Amino acid sequence: MAQTPSMRRAPQEAFTGATARPRDLAIEVMDLTVAYRDKPVLWDVDMNVPSSALMAIVGPNGAGKTTLIKAILGLVDISAGRVLIAGRPYEQQRRRVAYVPQRGSVDWDFPTTVLDVVMMGRYGALGWIKRPGARERQAAAEALEKVAMSDYAHRQISQLSGGQQQRVFLARSLVQDADVYLMDEPFQGVDATTERAIVTLLQELRDSGATVVCVHHDLQTVTEYFDSVTLLNVRRIASGPTSDVFTEENLRATYGGRMAWLKTASKTEPAQD
Amino acid sequence: MFELFTDYTLRTVAMGAGVLGIVSGVLGSFTVLRHQSLLGDAISHAALPGIVLAFLVTGSNAPLPLIVGAGVAGWVGTLLVRAIVRNTRIKNDGALGLVLSVFFGVGLMLLTYSQSRPDASQAGLDKFLFGQAAALLRNDVITIAALGGVAIVVVALFWKEFKLLSFDPEFGSVLGFRMGAIDVLLTTLVVVAIVIGLQTVGVVLMSAMVVAPGAAARQWTDRLGVMVCLSALFGALAGVTGALLSSTGAKLPTGPMVVLSASAIVILSLLFAPNRGLVWDKWRSRRTMISAGPQERAGRP
């Protein structure tokens with residue numbers, strides 16, 4: 001799996017200019033429209049994610065956040081628009097994109113072990129028919145170590161708590177060894193300690209040159225965790241560095257009338273470091 | 001029981017039923033895990049018009065043409081279910097019900113028509129309704145074993161892909177696998193598993209062979225590999241027991257006998273399997289209540 005240097009070591013300041021060349025962008029979403037039957041879920045969305053960004057996708061329920069992730073991954077049919085990963089269509093870049101679905105999207109009563117689930121992240125590199133072996137086992141064990149789940153490697157997955165399930169999915173995406181990580185609510189249902197550990201992990205991923213995009217729900221932690229943010233409510237309201245984009249005005253535009261509680265949220269949130 | 005080793009007919013019957021039990025047990029595990037238990041019901045009922053049409057076209061009741069007819073009809077049925085779900089607002093269970101009843105209705109109509117024809121009187125097509133293991137010939141068993149063997153080899157080859165499909169198909173598609181194709185392949189194998197059992201167990205109750213062994217096996221283990229093997233074993237046990245009961249005694253149809261055997265296995269598993277069994281569960285929760293007080297009842301997450 002060859003990695004383009006420009007992907008791994010792209011400058012953080014890709015934001016700053018109109019000079020940013022396309023290949024400094026990890027993800028480009030152009031004029032994306034997705035509709036279920038006649039109801040638009042995403043309408044004419046543009047989003048550029050620079051390389052080595054840690055971006056949150058934020059918006060109210062039904063804003064199309066999950067659909068946006070799935071559209072980038074080709075999991076839903078798109079009505080119009082284009083998605084590029086590192087300047088090329090997703091179909092040519094599959095191996096460079098890892099995915100953490102919502103925890104609730106699978107049946108955790110499936111008869112398999114933690115290690116086995118994590119190894120699934122290597123199936124793509126293995127290709128058809130070939131069985132996972134010692135190398136895949138090793139990669140999975142290392143990923144479990146990174147998410148502090150080594151002790152659970154041989155547990156049946158139905159015995160895990162919500163936070164542990166989340167970490168297993170995270171480990172599964174880590175073994176994909178990708179440049180771009182798309183995560184759907186990686187903090188959903190995890191306790192404070194696990195949340196901190198996951199954030200640290202995501203920041204390490206970013207610092208090593210990967211690009212991480214998370215659907216995120218907790219507005220209070222956006223500025224602390226993420227360096228960039230996309231505000232979404234069917235249309236894209238705003239997208240860019242958190243400091244520029246995560247403003248009360250934009251939030252109001254995103255969440256509409258339901259803003260009373262937001263005010264207090266943004267006030268208790270002075271600029272972190 | 002001793003006759004099993006001496007009586008040629010009995011041995012043929014037992015072998016045929018055993019092999020079809022193994023195949024439907026293996027593939028049934030996946031349908032159970034994918035929450036598609038009704039799929040087997042739809043496929044087996046949908047196969048009936050195919051069987052009768054194959055007979056009307058070829059004019060013979062040799063096993064292979066009838067199995068091919070059943071397979072094609074069952075397969076078309078599943079494609080129709082997919083098409084209905086994709087293109088209308090009808091959900092999966094509704095689509096399965098629709099296809100099942102319409103195909104089965106057409107099948108019964110064709111069956112009645114074919115039996116009104118003079119040359120069809122001894123074709124014995126009606127045995128496909130409830131199954132007749134005693135009618136199994138050596139030729140039939142060879143056909144069952146050959147088709148079933150191919151199905152099991154394919155499962156072994158695509159083990160990883162089928163596991164992915166059953167656990168997290170969207171993730172599989174992100175990994176670059178064509179999950180639609182894997183789904184069609186697995187469903188095709190389920191069709192094969194069902195059609196090879198139709199002559200023995202019958203279209204009405206064949207779906208039990210796809211659901212019961214897998215559901216029972218799930219109770220005993222938390223490993224997919226063990227579950228599939230156990231399910232094959234349970235399937236074979238139910239098939240042989242049912243077939244023997246029906247072919248020795250008062251010429252009872254095999255389908256109900258097989259289903260009763262399979263049901264016994266399921267009930268025993270539901271009650272007594274360690275960890276997941278009801279008896280075990282009760283005992284454990286009572287013990288927890290005694291040791292920890294009623295408010296700390298240990299439950300599964």
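Nothing here was measured: the structure is a model prediction, and the numbers come from that model. In what follows, every chain begins at residue 1, and chains take the letters A, B, ... in the order their sequences are listed. Atoms considered below: every heavy atom in the structure, side chains included; atoms not considered: hydrogens, waters and symmetry mates.
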- With no hydrogens and no angle check, is any side-chain donor or acceptor of A/T113 less than 3.5 Å from a backbone partner on A/H154?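 No: the side chain of A/T113 does not pair with the backbone of A/H154.
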- Message: Between A/E185 (side chain only) and A/H217 (backbone N and O only), is there a donor and an acceptor less than 3.5 Å apart?
- Response: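 Side chain of A/E185 to backbone of A/H217, a donor-acceptor pair under 3.5 Å: no, none is there.
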- Step by step, would you call A/D116 with B/K163 a side-chain contact (heavy atoms from CB on, under 4.5 Å)? CA-CA 10 Å; A/D116 209 36; B/K163 191 200 291 184; 2.5 Å; yes
Would you give the length of the straight line joining atom [atom1] of [X] to atom [atom2] of [Y], rounded to the nearest 0.5 angstrom?
X      : Y      : atom1 : atom2 : answer
A/M149 : A/T194 : CE    : OG1   : 9.5 Å
A/Y36  : A/D77  : OH    : CG    : 9.0 Å
B/I194 : B/W75  : CD1   : CH2   : 15.0 Å
A/M119 : A/R172 : CE    : CZ    : 13.0 Å
A/L126 : A/E136 : CG    : CD    : 4.0 Å

- Message: Using a 4.5 Å heavy-atom cutoff, which residues in residues 168-176 of chain B come close to chain A?
- Response: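 Residues B/D168, B/E170, B/F171, B/S173, B/V174, B/L175, B/G176 are the ones that qualify, each having a heavy atom under 4.5 Å from chain A.
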- Task: Select all residues of residues 22-45 of chain B having any heavy atom within less than 4.5 Å of some heavy atom of chain A, and report them by number, or 'none'.
- Result: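 Within residues 22-45 of chain B, near chain A: B/L33, B/H35.
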Contact winner vs chain B - [options], heavy-atom pairs under 4.5 Å:
options                        : value
A/Y123, A/Y90, A/Y99           : A/Y123
A/P111, A/G127, A/S173, A/G162 : A/P111
A/G74, A/S105, A/P132, A/G121  : A/G121

- Do A/F187 and A/L202 come close enough that some side-chain heavy atom pair is under 4.5 Å?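 The answer is yes, as the side chains (C-beta and beyond) meet within the 4.5 Å cut-off.
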- Task: Identify the two heavy atoms, one from B/T88 and one from B/I84, that lie closest to each other, and give their separation to 0.1 Å.
- Result: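 In this case the closest contact between B/T88 and B/I84 is OG1-O, 2.7 Å.
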- Item | Considering all heavy atoms, the nearest A/I72-A/L182 contact | CG2-CD1, 3.7 Å
- Give, as side chain, backbone, both or neither, the part of B/R89 having an atom under 4.5 angstrom from any heavy atom of chain A.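 Both parts, heavy atoms under 4.5 Å.
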- Item | Residue B/F167 versus chain A: region with a heavy atom under 4.5 Å |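 Both backbone and side chain.
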- Message: Taking side chain as everything from C-beta outward and backbone as N, CA, C, O, which of these in A/V100 sits under 4.5 Å from a heavy atom of chain B? Side chain, backbone, both or neither.
- Response: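 Interface part for A/V100: neither.
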- Message: Would you say A/T66 and A/Q102 are linked by a side-chain donor-acceptor pair, where the criterion is simply a distance under 3.5 Å?
- Response: yes
